[in-house]
Protein chains: 2
Amino acid sequence: MAVSARRGAPLTLEEISTTALRLMDEGGVAGLSMRKLAAELDVNPMSLYHHVDNKEALLRVICSTAAQRLELPPDDGSPWQDQLRALAVAYHRNAMEHPALWSHLHDHPEIIQDRDLVLWRTLYRILRLAGVPEPELRRTSDVLHAFVMGFVIAETKGHLPDDPEEVERGFDTAIRLITRGVEGLTGLSPRPPTPPRTSQG
Amino acid sequence: MAVSARRGAPLTLEEISTTALRLMDEGGVAGLSMRKLAAELDVNPMSLYHHVDNKEALLRVICSTAAQRLELPPDDGSPWQDQLRALAVAYHRNAMEHPALWSHLHDHPEIIQDRDLVLWRTLYRILRLAGVPEPELRRTSDVLHAFVMGFVIAETKGHLPDDPEEVERGFDTAIRLITRGVEGLTGLSPRPPTPPRTSQG
DNA sequence: ACCTGAACACCGTTCAAGT
DNA sequence: ACCTGAACACCGTTCAAGT
């Protein structure tokens, strides 16, 4: 609600995709239609096609923008296990802020393929730290991303119980599983001593 | 193509869902519409609504039937690591036979929630064998299923490279990661000696 | 009980026309 | 260059009517 603002102004791709993202946030992927979007922008449906090839292209723009703007923790020098966990937490948080967007992104992984994306750069760096050999970085990072993606999807779709503390425990189990799994892959030391878990999010 | 057969016969839920599944196999989730399905069955679109509440209900029928008919390997007494791998292989194979169906199923996990399904029974049995304590079976099985689901989605959507041998290696990495991860969770022995991998599927 | 035709409220998109 | 109205080819679904 409360549209206006766009009276006489020439309609921007930026404006279109911002509004489109809001519609997705509010009503899921199904909540975004070209016609509703146009109505929201107080514009004829066909005007949109002057700024975007079609609906699919619009979704691609929104998703790849989100992927480029992913906010991930920088290298803070801590053990790779901690950094891997921090990366997973950040990815999870970003995905939960716009579930419908990430749902579409997970349906169209080609959008996120570019190995220069901060996501892959960060993951590669951490896996190198963990001792994963160079020729296996691609494969290992793909598998780990698939796992985290699966977890995010399961959580988004309500696979998990209501109790948020239980969700937190599930997340913890997932991260521990991945971490031990990577240790197993590389035959590394079973990790430095970890406090019983007192983080908050 | 080649429909016929249903001339005068009274139109069955079985017939409807079989044809619907075929349409999904051929054209993805988007390839199934109530109107196309009716045309395929040589029937008025509205006739379908006499056997099924709506499209969503039809998809639910197809998916839960598939879930109930999942063909999984029986307990053969081998080490849990091998059985876990065999389970993942079987799940993967089933999913790849009807990608669109499983895609919908993964979007609606409530369809697969019933803990009496052979999928969960089998997974619980294997995790017990692995030493996962009873109160953590639910959580652990949910996480593992989310992981495998994520891998299947990534593969289905073409996340992975073309080379089928590379896909096979990715699958292998995923399974090893999961197995070592579970070992890490339970603090179990790092597994009995395994031959270098000579299976064929 | 089972099927149907017409109709309603939506879609995405093309095309020719307007300024 | 940017926007628009009318139109096309689709959707899922309701409802009143047929046998």
Side-chain angles (χ1 to χ4, degrees), chain A residues 1 3-63 100-101 103-105 107-108 111, chain B residues 1 3-63 100-101 103-105 107-108 111:
Chain A
M1 19 208 127
V3 204
S4 64
R6 206 218 99 275
R7 283 281 77 194
L11 190 60
T12 306
L13 178 59
E14 174 72 25
E15 194 184 4
I16 291 175
S17 48
T18 301
T19 307
L21 177 55
R22 179 166 55 77
L23 285 182
M24 289 180 82
D25 288 344
E26 288 170 5
V29 202
L32 172 63
S33 82
M34 297 301 268
R35 295 176 112 109
K36 262 191 264 182
L37 175 55
E40 202 76 4
L41 290 164
D42 201 19
V43 118
N44 186 286
M46 305 322 138
S47 306
L48 301 173
Y49 288 87
H50 248 257
H51 299 84
V52 123
D53 271 0
N54 48 39
K55 190 183 183 178
E56 193 57 35
L58 173 57
L59 284 167
R60 194 166 43 234
V61 167
I62 304 175
C63 284
L101 182 152
S103 175
H104 180 81
L105 209 160
D107 259 13
H108 297 267
I111 295 174
Chain B
M1 18 210 126
V3 205
S4 63
R6 207 219 98 273
R7 285 280 75 194
L11 189 58
T12 306
L13 178 59
E14 175 72 25
E15 193 184 6
I16 292 175
S17 47
T18 302
T19 307
L21 178 54
R22 179 166 55 77
L23 285 182
M24 289 180 82
D25 287 345
E26 288 169 4
V29 201
L32 171 63
S33 82
M34 296 301 269
R35 294 177 112 110
K36 263 191 264 182
L37 175 55
E40 202 77 2
L41 291 164
D42 200 19
V43 116
N44 186 287
M46 306 322 136
S47 307
L48 300 174
Y49 288 86
H50 248 258
H51 299 84
V52 123
D53 271 0
N54 48 38
K55 189 183 182 180
E56 195 55 35
L58 172 57
L59 284 167
R60 194 167 43 235
V61 167
I62 305 175
C63 284
L101 182 153
S103 175
H104 181 82
L105 209 161
D107 259 14
H108 297 267
I111 295 174

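From a predicted model like this one, the values you see are computed outputs, not experimental measurements.
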To the nearest Å, give me how far apart CG (B:Leu58) and C1' (D:dG12) are. 12 Å

Does a nitrogen or oxygen in the side chain of B:His51 sit under 4.0 Å from OP1 or OP2 of C:dA1? no

What nucleotide among C:dT4, D:dT4, C:dG12 has an atom nearest to a side-chain atom of B:Ser47? C:dT4

Return the nearest nucleotide to the side chain of B:Leu11; candidates are C:dC3, C:dG5, C:dT14. C:dC3

Check the phosphate of D:dC10 against B:Ser33, side-chain N and O only, distance under 4.0 Å to OP1 or OP2. Yes or no? no

Minimum-distance pair of heavy atoms, taken over all atoms of B:Cys63 and B:Leu101: SG-O, 3.7 Å

Decide yes or no for B:Glu56 and B:His104: does some side-chain heavy atom of the first lie under 4.5 Å from some side-chain heavy atom of the second? yes

note: A:Asn54, atom CG; C:dC11, atom C1'; distance rounded to Å ~ 14 Å

Rounded to whole Å, please give me the gap between NZ in B:Lys55 and C1' in C:dC11. 12 Å

Pair assignment for DNA chain C - dot-bracket with | for other-strand partners, Watson-Crick or G-U under 3.5 Å: ||.|||||...|||||.||

How long is the line joining CE of A:Met46 and C1' of D:dC8, in whole Å? 11 Å

Taking all atoms of both residues into account, what is the closest heavy-atom pair of B:Ile62 and B:Ala20, and its distance? CD1-CB, 3.6 Å

Taking atom P of D:dC11 as reference, at what distance in whole Å does atom CG of B:Leu37 sit? 11 Å

Below 4.5 Å, heavy atoms only, C-beta onward: do B:Leu32 and B:Leu59 meet side chain to side chain? yes

Nearest-Å distance, CG (A:Asp42) to P (D:dC3)? 12 Å

Are the side chains of B:Val52 and B:Ile16 in touch, meaning some heavy atoms are under 4.5 Å apart? no

Round to a whole Å and report the spacing from CG of B:Leu59 to C1' of D:dG12. 12 Å

Position toward the 5' end of DNA chain D (nearest nucleotide), A:His50 or A:Arg35: A:His50

Ion pair present between B:Glu26 and B:Arg22, side-chain N to carboxylate O less than 4.0 angstrom? yes

Rounded to whole Å, CG of B:Leu23 lies from P of D:dG12 at a distance of 11 Å

Correct closest heavy-atom pair for B:Ile111 and B:Arg60 would be CG1-CG, 3.9 Å

Remember a base hit wins even if backbone is also touched, and classify B:Met34 as base, sugar-phosphate or nothing at under 4.0 Å, heavy atoms. sugar-phosphate

